[in-house]
Amino acid sequence: MELPSQYNAKEVEDKIYRLWEESGFFNPDKLPSRNKKPFSIIMPPANANGNLHAGHALVMTIEDIMTRYKRMRGFKALWLPGLDHAGFETQIVYEKKLEKEGRSRFKMTPEELYKEILEFTEANKTNIQTQVKKMGASCDWSRLKFTLDKDIVDIVYQTFEKLYKDNLVYKGKKIINWCPKHQTSLSDLETLDAERQDKFYYLKYGPFTIATARPETKFGDKYVVMHPKDKRYKDYKDGQKIELEWINGPITATIIKDDVIDMDFGTGVMTITPWHDAVDFGIAERNNLEKEQIIDFYGKLLPIAGEFAGMKIAEARPLIIEKLHSKGLVEKVEENYKHVVKTCYKCGTLIEPQIKEQWFLKMKPLAEPAIKAIKNNQIKIIPGHYKKIALHWLNNIIDWNISRQIVWGIPIPAKTCEKCQNIIIDTENKINTCPKCGEKDLIKEKDTFDTWFSSGQWPYATLDFPKGKDFKTFYPTDVMETGGDIIFFWVSRMIMFSLYNTKKIPFKNVYLHGLVLDAKGQKMSKSKGNVINPLDLTDKYGTDALRMALVVGNTSGTSLPLDENKIKGYRNFATKIWNAARFVLLQNDNSKLTKTDKKLLADFKKLAKEITKEMDGFKFYVASEKIYHYFWHTFCDKIIEDYKKKLVSYDLLATLLFESLKLLHPFMPFITEEIYQQLPIKNKKECIMIEEWITQ
RNA sequence: GGGCGCUUAGCUCAGUUGGUAGAGCAUCUCAUUUACACUGAGAGGGUCAUAGGUUCGAGUCCUAUAGCGCCCACCA
């Protein structure tokens, strides 16, 4: 058959992917009998709210490499794909869409909103699957899971109920991060620190001077706090009352001594606003102080602010200062005070801490076994320095707010009795009477789970824990490959939930990749306009070329600048492979192995062993580079040239081509498969995908 | 305020228990229409951030300094 001189990726890729899918070998149950020992990777579920981005392309490439390698090594390899409803993230994407259409989620019923987002997500599920396939992912689509599938939700509910029974879940009125724009609470991981320059006001508070950047919170301040050991204030006793003139008239303040106060900061005295500040909340809790809400959930001042009630903070602040000035309560104003504030990680809106009843998960008891498993390397983290990062976080873990005031998510399966406030966990939504007092008025929880509460259970939920066949075969999984940026959000929580629920680690290895950056090493972002769409690149250069560009020279945990020139280089390599194969296929020759040939074959086997070692050590960047180098500069430049000079046999040529193609296959699956399909070899299998990694 | 990572050829990066520097891309020279010009042969290019230390010997280990990047943190 006549092969064209250039490899046409576009024509080949869809055809080859179909061949693989039809072969059934993505499904470990359908692999040949030699594939016995299980190997498993659970794919980080892709958000079903948009398109495949460069980060996905990297995930798909690395995980596909691992899976294809293990499959060829004779493992019963499972790569289980998944899709994520991605609660908050998707709702934001959808809200932006609504905004563009001039609509708002606050003008819709929760049911309407849920229905629309569901439709949107369903449409995106197909879209993202098609794109994952474009990357050549050899995952088992027959096992595809979606985070809102009934069986997944059932497991999430069972876990929630178990946690509640074990007294690890509680409903509590605590200070939380509130995003006034999105109207939901956020966990501590979902806020970002932002440095701000604001005015810093020194205000007269009776005999004291207090400093604040937020005068608008000060209306209700009736506790003045200082360090018990501060000599300047030794004459004031804990609990002592003082009368003073404040913003809206005379008040009675109480002296509180608490050692959280930094004596060296400002005047060493501060007043507290427990409803809107986490530190102040802590002081109030410790000392049993009253708490009062000053700002409502939309960021407007409440009636306690008197004449300022109903105003937004930004407009109220200068007016409040003006009034304080007129009353002679402003001592001085520092102009450029630098301080750090919390913002919503999605919209950048200033977080307004609020006290609100939320569901919390006690983390310390869950973290302990996880710490142990990481410490003793039961779970190995690659690269190694992430071990410390994970341990540090786990050692300092605080209770996790798992409830969100958004509709797009898994509803928290709980009800509260109107009469006796009894909390009922009702995973099947069947209970209509309070088992404690018989009351029929039960209030159904409106909040949904933080999306990580469900995705944190992904490794065992997808494998049909506890009784499924897959759970027994494939759990614990071998590798969790994901981005280093979600080690706290996701990886740590999977470890904790899994150890709690299954008593086993969820995965033996965690492989963390870095960020994919643009060619200049800049983070990709829509605002910078430097976002690279991986599908444009596969279209232009072929998927194999993109995959190579993503893996060669990319060490774990390090970010990777993606340069189009690099991809072009591997497109050239694909052409090289193509033409080398074309040359070999055109020969009409039966010459057998000679002594020199055997030496060359031994050299290759040595290299193959080295590459195998690198693959086992997760050093795909070395393995890919080695086979690249061998194929181009040894096989093509030397061996083919020697063959032309009749220095080596056809047998050697054909053998080395075949063996090299196999080593290349995990990295460049399409072109290697396409060539394999045309090779005139004995005992040919349906596809190279199930060939033996190294011929013994 | 704590912690972590990085600093090696023009660029992007390797360099696993210490033994006098590697790859890809880029550059330059030459070759030729050969399976492949998305080609071949060759060349140039690094006091391995800086300063000390350990050692027979350090890019590799230790200490300090600087620059860059990242993460965590309740200084009003």
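The chains referred to below are lettered A, B, ... by the order of the sequence lines, with proteins before strands, and numbering in each begins at 1.
Atom-to-atom, CG of A:Asp642 to C1' of B:U34 comes out at 15 Å; the value is rounded to the nearest Å. Protein atom NE2 of A:His513 is 20 Å distant from nucleotide atom P of B:G5, rounded to whole Å. Atoms CD (A:Glu641) and C1' (B:U34) sit 8 Å apart, rounded to a whole Å. Taking atom CZ of A:Phe583 as the reference point, atom P of B:A35 lies 6 Å away to the nearest angstrom. Note: CD (A:Glu195) to P (B:C70) measures 13 Å, nearest angstrom.
Across the P atoms, B:C4 and B:A41 are found 47 Å apart, a figure rounded to whole Å. Annotation: B:C56 and B:A51 have their C1' atoms spaced 23 Å apart (nearest Å). Annotation: B:C70 and B:G52 have their C1' atoms spaced 29 Å apart (nearest Å). Distance check on atom P: B:A21 versus B:A64 gives 29 Å, rounded to whole Å. To the nearest whole angstrom, the two P atoms, one in B:A73 and one in B:G3, are 15 Å apart. B:G19 and B:C28 have their C1' atoms separated by 34 Å, given to the nearest Å.
Contact annotation: A:His392 does not reach the phosphate of B:C4 (side-chain N/O to OP1 or OP2, under 4.0 Å). Using a 4.0 Å cut-off, some side-chain N or O of A:Lys644 falls inside it from OP1 or OP2 of B:A35. Residue A:Tyr337 places at least one side-chain N or O closer than 4.0 Å to OP1 or OP2 of B:A76. At B:G15, one or more side-chain N or O atoms of A:Tyr621 fall inside 4.0 Å of OP1 or OP2 (strictly under the cut-off). Checking the phosphate oxygens (OP1, OP2) of B:C4, a side-chain nitrogen or oxygen of A:Lys388 falls inside 4.0 Å. Taking 4.0 angstrom as the limit, A:Lys576 places a side-chain polar atom (N or O) nearer than this to OP1 or OP2 of B:G40.
Nucleic acid contact class of A:Phe635 (heavy atoms, under 4.0 Å, all strands): none. Among the protein residues, A:Ile283 comes within range of no part of the nucleic acid, since none of its heavy atoms lies under 4.0 Å from any strand. At a threshold of 4.0 angstrom between heavy atoms, the contacts of A:Asp193 include nucleobase atoms, whether or not backbone atoms are also involved. Within the 4.0 angstrom heavy-atom criterion, no nucleotide atom of any strand lies near A:Gly282. When heavy atoms are screened at a 4.0 angstrom cut-off, A:Thr271 is found touching no nucleic acid atom at all. A:Tyr7 comes within 4.0 angstrom of no nucleic acid atom, judged by non-hydrogen atoms across all strands. Using a 4.0 Å heavy-atom criterion, one finds that A:Lys568 contacts no nucleic acid atom at all.
Heavy-atom nearest nucleotides on RNA chain B were determined for A:Thr558 and for A:Val260, and the one closer to the 5' end corresponds to A:Thr558. Comparing A:Leu192 and A:Gly266, the nucleotide of RNA chain B nearest to each residue sits closer to the 5' end for A:Leu192.
Side-chain contact annotation: A:Glu195 with A:His339, donor-acceptor N/O pair under 3.5 Å absent. A:Asn401 and A:Asp450 form no side-chain donor-acceptor contact under 3.5 Å, judged by distance and modelled atom types alone.
Comparing B:U39, B:C36, B:U16 by their nearest atom to the side chain of A:Asn572 picks out B:U39.
Checked for salt-bridge contact, A:Glu285 and A:Lys174 miss the test: no charged N lies under 4.0 Å from a carboxylate O.
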